[in-house]
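Below is one structure, written out as structure tokens, with a few remarks after it.
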Amino acid sequence: MSLIKSEIVNPVIEEYVRSLIPKRNDYYENLHVFAKENGVPIVQPEVATFLEVIIKSSNIKKVLEIGTAIGYSTSLIADAIDDSHGKVVSIEVNEETYKLAKNNIENQDFNCPIELKFGDARDVLSKIDDKFDMIFIDAAKGHYKHFFDLCYDKLKNKGIVISDNVLYKGMIASDKYVIRRKKTIVKRMRNYLEYITSQKNLKTTIMPFGDGVAVTYKMEDENE
Ligand SMILES: C[S@@+](CC[C@H](N)C(=O)[O-])C[C@H]1O[C@@H](n2cnc3c(N)ncnc32)[C@H](O)[C@@H]1O
């Protein structure tokens, strides 16, 4: 079976945009090289800068992340927060990558503290009582709706949820891109996108860059 390759962004444009992103310091460069050499998926460069701009421009101080991997996005989120009293809490289910992230983060200074949690976010989230300005979902694509439901009450009024990889190589947009073994993930992600775009109390924008990024704004809840 021949597969139709989807490019969410025209590769020429993507390469040009990436060429404009300043090089990061050695800490980030080394994580980037490690991720590439070991096949660890980390945020794409333009998604990384997008997170930084959102955090800084919206004065975000407390962030919950689902999917730490080796701590690349966790680190840049902590560095983007302009408040030493801010905090990043990040959850990772894979013990090996959790340990790598811990090791990477341990001897590094960030703008605010990072708290790593080991375990399946679907279990760990129920043990977190804090409220957050932003939640970054970047973990198993088939479970975004579960993650969203479990962390919704941890999101402050006027807070945002950023969900990465929501167009998943174009497969979410059209069946012609779908690989058979990804059918369940595709179905679940479509349900997730339909949900976050149709709720009265949410305003969601889906942006076709990187692997697709959704930003969901939580409107004022009168009960809070
Ligand atoms: C795309 S990577 C995260 C990349 C990271 N956010 C970055 O940009 O540097 C996804 C990670 O989510 C983790 N993960 C998948 N399902 C999870 C779950 N149910 N709970 C916690 N972590 C999970 C995977 O083990 C993997 O390390």
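Counting starts at 1 for both ligands and their atoms, in listed order.
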Is the contact between His143 and ligand 1 made by the side chain, the backbone, both, or neither, using heavy atoms and a 4.0 Å cut-off? neither
Is Thr68 touching ligand 1 with its side chain, its backbone, both, or neither, if touching means heavy atoms under 4.0 Å apart? backbone
Please state which protein non-hydrogen atom is closest to [atom] and give its distance, to 0.1 Å?
atom	result
atom 20 (N) of ligand 1	Ala121 N, 2.8 Å
atom 7 (C) of ligand 1	Ser73 OG, 3.0 Å
atom 19 (N) of ligand 1	Asp120 OD1, 3.0 Å
atom 2 (S) of ligand 1	Pro41 O, 3.5 Å
atom 8 (O) of ligand 1	Val43 N, 2.8 Å
atom 10 (C) of ligand 1	Asp138 O, 3.1 Å
atom 15 (C) of ligand 1	Ala140 N, 3.4 Å

Hey, which atoms in ligand 1 end up nearer than 4.0 Å to a heavy atom of [X]?
X	result
Tyr72	9 (O)
Ile91	21 (C), 22 (N)
Glu65	6 (N)
Asn94	25 (O)
Phe147	18 (C), 19 (N)

What's the shortest heavy-atom distance between Ala101 and Gly71, and which atoms? CB-N, 3.8 Å
Of the non-hydrogen atoms in Ala214 and Thr204, which two are nearest, and what is the gap between them? CB-CG2, 4.3 Å
Neighbour count above 12 (heavy atom, 6.0 Å) for [X] [atom1]:
X	atom1	answer
Glu15	CD	no
Lys99	NZ	no
Asn25	CG	yes
Asp109	CG	no

Measuring centre to centre across the rings, with the benzene-like ring taken for any Trp, is Phe148 within less than 6.0 Å of Tyr144? no
For the residue pair Phe50 and Phe209, is the inter-centroid distance of their aromatic rings smaller than 6.0 Å? yes
Answer yes or no on whether Lys141 is positioned over the face of Tyr168, meaning its NZ or CZ is under 6.0 Å from the six-membered ring centre and within 45° of the axis. yes
From Lys156, Lys61, Lys62, residue fulfilling side-chain hydrogen bond (donor to acceptor under 3.5 Å, both in side chains) relative to Asp133: Lys156
Hey, does Gly119 sit under 4.0 Å from ligand 1 if you only count heavy atoms? yes
So, is [X] polar-close to ligand 1, with some N/O to N/O distance under 3.5 Å?
X	answer
Glu92	yes
Ile42	no
Gly67	yes
Val93	yes

Under the side-chain contact (heavy atoms from CB on, under 4.5 Å) rule, what do Lys218 and Asn201 come out as? Steps first, then yes or no, please. CA-CA 6 Å; Lys218 182 181 185 179; Asn201 54 332; 5.7 Å; no
Could you walk me through whether Val213 and Val166 pass the side-chain contact (heavy atoms from CB on, under 4.5 Å) test, one step at a time? CA-CA 6 Å; Val213 177; Val166 295; 5.7 Å; no
